[in-house]
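As structure tokens, the structure follows; a few thoughts come after it.
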Amino acid sequence: MDNALAMSNHDVAVLILAAGKGTRLKSSLAKVLHHAGGRLLIDHVVRACLPLHAKKIIAVVGHQAEQVSAAVEPLEVETVLQQPQNGTGHAMLVSKRAIGNAKYIIVLPGDAPLIRTETLRALLQKHKTSNAAATILTAVLADPSGYGRILRKSGDTVAAIIEESQLTPDQRELNEINSSIYCFTAAKLWTALARVKPNNKHREIYLTDAISILNSNGETVLAEIAPAPRETLGCNTRADLAGVDRTFREWKRDQLMRDGVTIQLPETVLVDPDVVIGEDTILEPTVQLLGKTKIGARCTIRTGSVLRDATLGDDVLVEPHCVIDSSRLESEVILGPFARLRPESHLLKGAKVGNFVEIKKSTIGEGSKAPHLSYIGDTKVGSKSNIGAGTITCNYDGFAKHPTTIGEGSKAPHLSYIGDTKVGSKSNIGAGTITCNYDGFAKHPTTIGNRVFVGSDTVLVAPVKLGDGAYIAAGSVITENVPPDALGIARGRQSTKPNWAAKKRRELSGNSAHHPKKKPHKKRR
Ligand code: UD1
Ligand code: MG
């Protein structure tokens, strides 16, 4: 479409009918507030209209008017309240003042989200160039039940729209349906609508009745058959919603594949509309990419992983069954399998977070690793550090959250618990080290300096400080500060008794004759 025509729509008002309840969905939520393809139904309709650059877009709201208004107002849609909802024709009349002096009106139902901008453009163009009073978007359906039917006059022109409840037995054969998407010449519509009477069992004013009135006024009504019937489909039932959702998901995946993304078993992969993915990234089956997730090039997202509002650099590998929420992974990060990143986690370049690790609001430095079974919360880990299996940062004392800092190149390789602690750089926290920070009354801090070596199975009873370069003997229970470069050892001294074991064995074998023989167990019956 050339710019000139796109620009010329300042004489058009778009009216979206969204006041109805949607009884057949059996829901406490107004119909247009249901989701399909990762957006609200009405959101899709508004987005299809925006590129038309009409003078204004108006939504008629009624059921849950506040929520529907809140959904569309960010898209610069004006709202009109229709209370009570006395039919589609009544909805038009209520909007008359808001429509103002627009020459043309495009009408759409808020529940037909698959409509495309190009189809609306074609409808509008046909209308403008034909001098018709109304142009109806129609579709030919194998099963037209539930829809109003188009009664053609001759060739292109329409005599009337007959609502389902008013069809004569002969008219039941008609399979061209009214999509409820129309283009009207405003002045002619207002004249006709003024004469519509609520002649139906619901006592409503039907917009569809204006069509036969236009005809009897000698006006022309045209019908334009939609290029794809599904564009006109409404969402009256949960099954309709699921069908529409499937179509949107398919469109999104097709777009991604055209843009160079590999998707295995595409029908199992669910991607929200705003997700962006770089070339040569691979999505394995059953992956879900939600919200504003952004993925770089050459990443692999393996099966079962769910990413919401995640940002991934290039060459990231997400192993199976990871959950990432509102977090950032820089290039070359490896995550999982079975890792969970809670909001505000940041994994710097080349970091590796492995099996059954949970991270919350923490930064893992460049090339650092937390490969197994850890919980890291409110923590800042420097670069090239190693957080061993089973390490737990205990950040909550029942009253407040407290931070942990682990210096660059430091290691805590196995089965540790680090709470309220500051670890300097290039230190080594041995297997099974526990910082004992709670005395039943209050939490106390532990400070571990630079280049400290803490032997395995050490208990550091806080408050306690280990100076730079200190050395703690394995199995110590450290209750006092250890100065820089000192050895801290706090355990019972070993005593070794030569030949003790051999002597004991001899004793025992010499006495064995006097041992009474055990009776065999009787089986219970
Ligand atoms: C309507 C058409 C029917 C068409 C079908 C297509 C009429 C009388 N019938 O029937 O010819 O085949 O759509 O889906 O128009 N609405 C309001 N205010 C109201 C009533 C409805 O805003 O007082 C809105 C609804 O929220 C909905 C749209 O208008 O978005 C259509 O109303 P709905 O009740 O779904 O009409 P249908 O019975 O589907
Ligand atoms: Mg409907």
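When reading the values below, keep in mind they use all heavy atoms of this one structure, side chains included, and skip hydrogens, waters and symmetry mates.
Remark: aromatic rings of His127 and Tyr104 are close, center separation under 6.0 Å. A ring-centre distance under 6.0 Å is not found for His90 and Tyr206.
Checked against Asp111 for a salt bridge (Lys or Arg N to Asp or Glu O under 4.0 Å), the options Lys31, Lys21, Arg24 give a single hit: Lys31. Of the candidates Ile301, Thr293, Leu317, Ile277, Ile301 is the only one forming a side-chain contact (heavy atoms from CB on, under 4.5 Å) with Leu312. Residue Leu341 forms a side-chain contact (heavy atoms from CB on, under 4.5 Å) with just one option from Leu347, Asp325, Leu307, and that option is Leu347.
For Glu163, the side-chain hydrogen bond (donor to acceptor under 3.5 Å, both in side chains) partners two or more places apart in sequence, or in a different chain, are Thr208. Among residues two or more places apart in sequence or in another chain, the side chain to side chain contact (heavy atoms under 4.5 Å, CB included) test is passed with Ser368 by Ile364, Val381, Ser385. Legend: residues meeting ring pair (Phe, Tyr, Trp, His ring centres under 6.0 Å) with Tyr182, ordered by chain and number and at least two apart, are Phe184.
Taking a 6.0 Å sphere around NZ of Lys361, one finds it holds 12 or fewer heavy atoms contributed by other residues, nucleotides or ligands. Counting heavy-atom neighbours within 6.0 Å of Arg246 CZ, excluding the residue itself, gives a total of 12 or less. Residue Lys188 places its NZ atom among more than 12 non-hydrogen atoms of other residues, nucleotides or ligands, all under 6.0 Å distant.
Salt bridge absent: Lys294 and Asp309 never bring a charged side-chain N and a carboxylate O closer than 4.0 Å. A salt bridge does not link Asp314 with Lys349: every distance from a Lys NZ or Arg NE/NH1/NH2 to an Asp or Glu carboxylate oxygen is 4.0 Å or more.
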- Query: Between Ile211 and Ile136, is a side-chain contact (heavy atoms from CB on, under 4.5 Å) present by the stated rule, with each step listed?
  - Reply: CA-CA 10 Å; Ile211 300 300; Ile136 308 167; 4.0 Å; yes

- Task: Could you check Glu330 against Arg328 for salt bridge (Lys or Arg N to Asp or Glu O under 4.0 Å), going step by step and ending with a plain yes or no?
- Result: CA-CA 6 Å; Glu330 303 297 344; Arg328 200 180 166 92; 2.9 Å; yes

